[in-house]
Amino acid sequence: MKYINFEDAGDAVSDEIYMREALKEAQKALEQDEVPIGAVIVCNGKIIGRGHNLTERLNDVTAHAEMQAFTAAANYLGGKYLLDCTLYVTIEPCVMCAGAAYWTQITRIVFGAIDKKRGFSGFGRDLLHPKTTVISGVLGNECAALVTSFFRNKRNK
């Protein structure tokens, strides 16, 4: 027998809606010939921060989608802590972004595709704040396909 918790089902639906917003940000990065990763931060059902990779445009290795979204959300809230907020990002955050998430004390991280080479989970869960909840695989195939296609096209040029 399978039990369904409809409160959790609501979270799953919301997670997909916001991940689609993160995918829109990833598309913006793609249009700028950046690695197509996008992020949004949600607080109380409202998007308060958006970001996409800008490392090439800004010539800045720290200009990841998550970092852009953290800054936007902190500016919106008027403080550096992102309590009661959720980060939606198309690819598993790297170690740098996980470290930044730690310092923001963000409540949840929801990501699409796993990054086996550079994702934080390969380095241990301790990189995140102990109270941060992580959900992976939301629209994972769609998120992965965007990045895979980007690098395939780069190799074929």
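We use all heavy atoms of the structure for the numbers below, so side chains are in, but hydrogens, waters and symmetry mates are not.
- Around the CZ atom of Phe150, the shell of radius 6.0 Å holds more than 12 heavy atoms that belong to other residues, nucleotides or ligands.
- With a 4.5 Å cut-off on side-chain heavy atoms, Gln105 and Leu82 do not count as touching.
- For Tyr88, the ring-ring contact (aromatic ring centres under 6.0 Å, His included) test picks out Tyr18, with sequence neighbours left out.
- Linking ILVMFWY side-chain heavy atoms closer than 4.5 Å, directly or via other members, places Leu77 and Trp103 in two distinct hydrophobic clusters.
- Atom CD1 of Ile114 is surrounded by 12 or fewer heavy atoms from other residues, nucleotides or ligands within 6.0 Å.
- Within the 4.5 Å cutoff, the side chain of Glu21 has heavy atoms near those of the Arg50 side chain.
- Checking side-chain atoms of Thr133 against main-chain N and O of Arg108 turns up no donor-acceptor pair under 3.5 Å.
- Partners of Thr62 under the side chain to side chain contact (heavy atoms under 4.5 Å, CB included) rule, at least two apart in sequence or in another chain, are Asp60, Met96.
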Q.
Using the rule given for side chain to side chain contact (heavy atoms under 4.5 Å, CB included), can you reason through Thr55 versus Val61, listing the C-alpha separation, both sets of side-chain angles and the distance that settles it, and then say yes or no?
A. CA-CA 5 Å; Thr55 59; Val61 298; 5.5 Å; no
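- By the rule that hydrophobic residues join a cluster once side-chain heavy atoms approach within less than 4.5 Å of another member, Leu87 and Phe123 end up as members of one cluster.
- Annotation for Ala39 and Ala69: closest pair CB-CB, 4.1 Å, computed over non-hydrogen atoms.
- Residues Phe111 and Val95 are members of one and the same hydrophobic cluster, defined by side-chain heavy-atom contacts under 4.5 angstrom among Ile, Leu, Val, Met, Phe, Trp and Tyr.
- Using modelled atom types and a 3.5 Å distance limit, the side chains of Ser136 and Glu92 yield no donor-acceptor pair.
- A continuous path of hydrophobic side-chain contacts links Met67 to Val42 [ILVMFWY only; heavy atoms under 4.5 Å].
- The closest donor-acceptor contact from the side chain of Thr148 to the backbone of Ala145 lies at 3.5 Å or more, if one exists at all.
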Q) Between Tyr76 and Lys46, is a side chain to side chain contact (heavy atoms under 4.5 Å, CB included) present by the stated rule, with each step listed? A) CA-CA 11 Å; Tyr76 179 88; Lys46 180 177 181 179; 2.9 Å; yes
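- Aromatic ring orientation, Tyr102 versus His129: tilted (interplanar angle from 30° to 60°).
- Using a 4.5 Å cut-off between side-chain heavy atoms of Ile, Leu, Val, Met, Phe, Trp and Tyr, with links allowed through other members, Val147 and Met19 fall into the same hydrophobic cluster.
- A distance-only check finds no donor-acceptor pair linking the side chain of Thr132 to the backbone of Leu128 [under 3.5 Å].
- Inter-residue side-chain proximity for Thr86 and Ile109 is flagged as unmet; no heavy-atom pair is nearer than 4.5 Å.
- Considering all non-hydrogen atoms of both residues, Ile41 and Cys85 come closest at CG2-CB, 3.9 Å.
- Expressed to the nearest 0.5 Å, how far CG of Asp84 lies from CD1 of Ile106 amounts to 10.5 Å.
- Residues Cys143 and Ile91 come closest through the heavy atom pair O-CD1, 4.0 Å.
- In this structure, Phe120 and Cys94 have side chains that are not in contact, with every pair of non-hydrogen atoms separated by 4.5 Å or more.
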Q: List the steps, then state whether salt bridge (charged side-chain N to carboxylate O under 4.0 Å, His left out) holds for Lys28 with Glu34.
A: CA-CA 8 Å; Lys28 290 178 186 177; Glu34 296 273 358; over 6 Å; no
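- Rounding to the nearest 0.5 angstrom, the gap separating the CD atom in Glu31 from the NE2 atom in His52 is 9.0 Å.
- Taking each heavy atom of Gly49 and Ala72 in turn, the nearest pair found is CA-CB, 3.8 Å.
- Under the 4.5 Å side-chain criterion, counting only non-hydrogen atoms from C-beta, Val35 is in contact with Phe151.
- With sequence neighbours excluded, the residues forming a side chain to side chain donor-acceptor pair (under 3.5 Å) with Glu142 are Arg20, listed by chain and number.
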Q | Criterion side chain to side chain contact (heavy atoms under 4.5 Å, CB included) on Gln68 and Glu25, from CA distance to verdict | A | CA-CA 11 Å; Gln68 306 302 312; Glu25 288 297 315; over 6 Å; no
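- Interatomic distance, Ile37 CD1 to Thr90 OG1, rounded to the nearest 0.5 Å: 5.5 Å.
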**Q.** side chain to side chain contact (heavy atoms under 4.5 Å, CB included) between Leu146 and Gln27, intermediate numbers included
**A.** CA-CA 8 Å; Leu146 189 59; Gln27 188 63 40; 4.1 Å; yes
